[in-house]
Number of protein chains: 2
Amino acid sequence: MEVSTAVNISAAEWQVMRVTWTLGQVSSQTVSEVLAKKMAWKAATVKTLVGRLVKKGALATERDGKRYLYRPVISEQQAMDTASQVFIDQLCAHKVGKTLLKMVQDTTLSQADIAALVTALQEKQKTAPTEVACNCLPGDCQCAAGECNC
Amino acid sequence: MEVSTAVNISAAEWQVMRVTWTLGQVSSQTVSEVLAKKMAWKAATVKTLVGRLVKKGALATERDGKRYLYRPVISEQQAMDTASQVFIDQLCAHKVGKTLLKMVQDTTLSQADIAALVTALQEKQKTAPTEVACNCLPGDCQCAAGECNC
DNA sequence: ATTTTAAGTTTACATTTGTAAACGGTAATT
DNA sequence: AATTACCGTTTACAAATGTAAACTTAAAAT
């Protein structure tokens with residue numbers, strides 16, 4: 001039944017997660033070194049974030065002598081997909097397409113990424129509707145002509 | 001020089017913005033009615049959010065007798081684009097493609113949206129790199145073989 | 001064995017966010 | 001004219017977030 005494994009990871013915490021996703025299993029010292037350089041954060045700040053992530057269940061710990069090693073509990077891809085969903089869900093359904101277009105245009109993508117996207121889109125095209133209705137208002141979108149872009 | 005017009009709009013505030021984006025110029029009563037139904041928010045809650053948005057400069061006011069009419073200061077598309085950028089920027093550059101793919105797959109898009117995306121992607125393909133490097137760590141990604149998905 | 005270090009834990013503290021009640025004033029209704 | 005109904009403004013208040021110092025303890029170095 002999928003008991004809401006969805007942990008909320010804040011923007012700052014996300015940076016810590018990225019280090020663990022990238023390095024797999026890390027000491028907090030490593031995380032601190034990386035983020036001191038990348039984010040100009042004090043070690044104390046990183047400690048707090050790591051602590052919160054452990055409490056939230058986003059990081060698992062394993063004793064390693066006097067210290068701990070931290071390991072991500074959820075995969076990066078899954079976390080990104082969840083975050084994407086949350087992001088998209090808050091937008092007007094009618095305008096999601098335009099926004100995805102902007103994202104695609106403004107992002108560096110590899111040949112493979114592009115190919116995969118094109119394939120998926122072509123597949124999607126087979127069953128895509130002509131229009132996606134605006135869902136900004138409950139019931140029908142009642143915007144007067146010219147007053148909105150729905 | 002683009003003096004950071006970027007206003008921060010929280011998730012709850014975003015709902016208020018959507019109403020103004022959709023209806024163009026609204027009384028707080030209208031916003032309240034819409035969101036009471038859509039979000040089950042009390043009128044007081046909406047008042048707070050509207051007030052904060054005005055203070056943040058995201059909504060402009062115009063007197064209308066005893067009350068105000070509210071109007072969005074920035075366009076929805078621009079707000080969405082900014083939010084998208086912020087969202088994408090926090091992700092590992094190497095994995096943005098996969099995430100966009102997921103978004104495309106999980107979202108309802110119109111024929112026109114899909115066509116526009118395909119066109120943009122084909123154009124992008126001409127200059128796309130073979131690989132997009134991971135930028136999770138400062139300097140080179142030092143993940144050991146097999147320990148990360150970079 | 002003593003001191004230094006490094007780790008984790010506790011405490012701090014201002015802001016932002018979500019949610020809303022209370023208050024005060026003006027316009028509309030009785 | 002008195003009263004009611006709205007509307008905007010103030011106040012409330014807990015939780016989350018960003019940022020970090022202080023404290024405590026155990027291991028490492030001398």
Side-chain angles (χ1 to χ4, degrees), chain A residues 4 6-20 25-71 79 82-83 86-87 89-90, chain B residues 4 6-20 25-71 79 82-83 86-87 89-90:
Chain A
S4 167
V7 182
N8 259 21
I9 299 172
S10 77
E13 288 163 358
W14 192 274
Q15 293 301 321
V16 173
M17 291 307 291
R18 284 180 69 175
V19 178
T20 73
Q25 188 161 41
V26 286
S27 62
S28 74
Q29 189 188 25
T30 302
V31 180
S32 284
E33 283 166 5
V34 168
L35 295 178
K37 187 170 303 183
K38 187 160 178 259
M39 300 278 126
W41 284 344
K42 299 289 162 64
T45 300
V46 174
K47 286 182 190 181
T48 299
L49 295 174
V50 166
R52 287 180 185 167
L53 286 166
V54 170
K55 177 177 297 182
K56 286 183 180 184
L59 288 180
T61 61
E62 182 189 323
R63 252 258 141 61
D64 174 43
K66 85 167 186 173
R67 63 187 189 172
Y68 285 119
L69 291 183
Y70 300 92
R71 173 177 55 76
T82 298
V86 169
F87 175 69
D89 281 352
Q90 103 177 331
Chain B
S4 167
V7 182
N8 259 19
I9 299 172
S10 78
E13 288 164 358
W14 192 273
Q15 293 302 321
V16 174
M17 291 306 292
R18 285 180 70 175
V19 178
T20 72
Q25 188 161 41
V26 285
S27 63
S28 75
Q29 189 188 26
T30 301
V31 179
S32 283
E33 282 167 4
V34 168
L35 295 178
K37 187 171 302 183
K38 187 159 179 259
M39 299 278 134
W41 285 343
K42 300 288 162 64
T45 300
V46 174
K47 285 181 192 181
T48 300
L49 295 173
V50 167
R52 288 179 185 167
L53 286 166
V54 170
K55 178 178 296 182
K56 286 182 180 183
L59 289 180
T61 61
E62 181 189 323
R63 253 257 144 63
D64 174 42
K66 85 168 185 173
R67 63 186 189 174
Y68 284 120
L69 290 183
Y70 301 92
R71 173 177 54 76
T82 298
V86 169
F87 175 68
D89 281 351
Q90 102 179 330

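Below, chains carry the letters A, B, ... as their sequence lines are ordered, and counting in each starts from 1.
- Between the side chains of B:Thr45 and B:Thr48, no donor-acceptor pair is found at a separation under 3.5 Å.
- A straight line from NZ of B:Lys47 to P of D:dT11 spans 15 Å, rounded to a whole angstrom.
- Distances shorter than 4.0 Å separate none of the side-chain N or O atoms of B:Ser27 from OP1 or OP2 on D:dC7.
- Considering B:Ile9, B:Val34, B:Leu53 as possible partners of B:Val16, the one that fulfils the side chain to side chain contact (heavy atoms under 4.5 Å, CB included) test is B:Leu53.
- For the pair A:Thr45 and D:dA20, the criterion of a side-chain N or O lying under 4.0 Å from OP1 or OP2 is met.
- Here salt bridge (charged side-chain N to carboxylate O under 4.0 Å, His left out) pairs that include residues 47-56 of chain B, with residues two or more places apart or in two chains, are B:Glu13-B:Lys56.
- Taking CG of B:Leu35 as the reference point, atom CG of B:Leu49 lies at 8.5 Å (rounded to 0.5 Å).
- Within residues 35-44 of chain B, the residues having any heavy atom closer than 4.0 Å to DNA chain C are, in order of number, B:Trp41, B:Lys42, B:Ala44.
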- [ ] Determine, for nucleotides 25-30 of chain D in 5'-to-3' order, which nucleotides have protein heavy atoms under 4.0 Å from the base (write B), from only the sugar-phosphate (write S), or from neither (write -).
- [x] --S---
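- Residues forming a salt bridge (Lys or Arg N to Asp or Glu O under 4.0 Å) with B:Asp89 (at least two apart in sequence, or on another chain): none.
- A distance of 11.0 Å separates CG of A:Leu59 from CD of A:Gln25, quoted to the nearest 0.5 Å.
- Contacts of residues 9-16 of chain B with DNA chain D (heavy atom under 4.0 Å): none.
- The interatomic distance linking A:Arg63 (CZ) with C:dA7 (C1') rounds to 9 Å, in whole Å.
- Rounded to an integer number of Å, the gap from OH of B:Tyr68 to C1' of C:dG25 is 12 Å.
- Taken to the nearest 0.5 Å, the OG atom of A:Ser28 stands 9.5 Å off from the CD atom of A:Glu33.
- Contacts between residues 48-62 of chain B and DNA chain D, defined by a heavy-atom separation under 4.0 Å, are made by B:Arg52.
- In this model, the phosphate group of C:dA7 is approached by a side-chain N or O of A:Gln29 to a distance below 4.0 Å at OP1 or OP2.
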